[in-house]
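Step one of this worksheet: look at the structure below.
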Amino acid sequence: MTRSFVATGGPKKAAKTVAAKGKSARMYPADDVAVPMKSRKGTRAPTKVRASITPGTVVILLSGRFRGKRAVCLKILDSGLLLVSGPYKVNGIPLKRVNQAYVIATSTKVDVSGVKVPATVNDAYFAQATSNSVKSEDKFFDNERKAAIVSDQRKADQKAVDDGLMKVVTKEPMLKQYLNAKFSLTKNDRPHNMKF
Amino acid sequence: MVFTRFVEVGRVCMINYGKDKGKLATIVDIVDGNKCLIDGCNTGVARQIITFRRIALTDLTCEIGRGARAACIKAAWKKGGVAEAWAKSSWAKKLAAKAVRGNLSDFDRFKVMVARKQKSKIVAAKVKSM
């Protein structure tokens with residue numbers, strides 16, 4: 001009786017058939033090869049935005065210089081931050097990113113299906129430009145207050161968004177005044193019992 | 001001052017404690033100086049013995065015999081128009097208004113605030129002209 005692997009030709013092919021049958025290899029490397037540990041970075045799940053916040057939700061901002069003001073959520077960015085706008089014309093809140101942890105979502109929804117957010121408005125759009133040209137010493141002595149320069153691009157984007165948004169906002173009575181009003185708690189207001 | 005609301009068989013009361021808080025029930029029997037048997041077959045309250053502290057008497061009564069069963073109480077409520085009479089009472093109206101106020105959204109609260117301001121403006125102007 002002949003052994004089958006000899007009959008089917010060459011030891012290479014035999015090894016292959018052995019491996020295919022799920023058997024362990026007959027040979028293995030003598031030296032250990034260092035394999036880098038698998039990084040756990042970058043495998044993080046994308047941020048979950050709570051269900052009460054959707055594009056069109058009116059949110060109350062809780063931190064930063066616009067705290068207490070109400071704004072409209074336009075979009076949820078890839079980073080999980082919310083893109084909001086006052087609109088700027090109504091309450092001075094420009095297109096900006098906010099963390100969902102620092103807003104109260106209200107049950108008031110605005111139909112933003114007609115609002116066209118420029119595709120360029122993403123997380124990179126809001127990233128601050130770092131300038132290395134000014135030395136730290138110069139910066140230290142540069143006490144003159146300079147007015148922030150808002151680029152024409154920003155102004156154009158703001159206008160594009162607000163034009164669409166204002167159409168919807170003015171349609172609903174009182175909504176414009178509501179967005180312009182600041183949120184605050186007064187006597188006998190119990191925020192944990194309040195519905196937003 | 002004369003008392004008009006008594007703890008009696010057929011007295012409609014409101015529960016002010018526990019999971020049945022705010023629901024109506026009928027006194028069916030009196031156990032002792034502290035407790036009575038109530039039945040809330042019309043409002044989903046189980047027949048139970050309850051202390052007087054946990055109920056508040058209403059002006060309404062219905063005609064039932066002592067220890068009356070659920071079907072009997074239901075019929076008596078229908079005959080006496082208890083549910084309608086309750087809905088008309090200012091107590092019930094206040095409770096309903098409170099519930100509505102409690103469920104207002106942020107936007108609704110803003111609208112109420114504006115309406116209240118307008119009202120007080122009108123009142124103030126009227127008072128000034130008088």
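Note on naming: letters A, B, ... go to the chains in the order of the sequence lines (proteins, then strands), and numbering restarts at 1 for each one.
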Check the surroundings of atom [atom1] in [X]: do more than 12 heavy atoms from other residues, nucleotides or ligands lie under 6.0 Å from it?
{"X": "Lys23(B)", "atom1": "NZ", "value": "yes"}
{"X": "Asn16(B)", "atom1": "CG", "value": "yes"}
{"X": "Arg5(B)", "atom1": "CZ", "value": "yes"}
{"X": "Arg50(A)", "atom1": "CZ", "value": "yes"}
{"X": "Lys109(A)", "atom1": "NZ", "value": "yes"}
{"X": "Glu63(B)", "atom1": "CD", "value": "no"}

Please classify the contact of Ile60(A) with chain B as side chain, backbone, both or neither, using a heavy-atom distance under 4.5 Å.
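Side chain only.
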With a 4.5 Å cut-off on heavy-atom pairs, point out which of Asn193(A), Leu175(A), Leu179(A) contacts chain B the most.
Leu175(A)
Are Ile55(B) and Leu24(B) connected into the same hydrophobic cluster when the rule is that any two of I, L, V, M, F, W, Y join if their side-chain heavy atoms are below 4.5 Å apart?
no
Within residues 102-130 of chain B, contacts to chain A at heavy-atom distances under 4.5 Å involve Gly102(B), Asn103(B), Leu104(B), Ser105(B), Asp106(B), Phe107(B), Arg109(B), Phe110(B), Lys111(B), Val114(B)
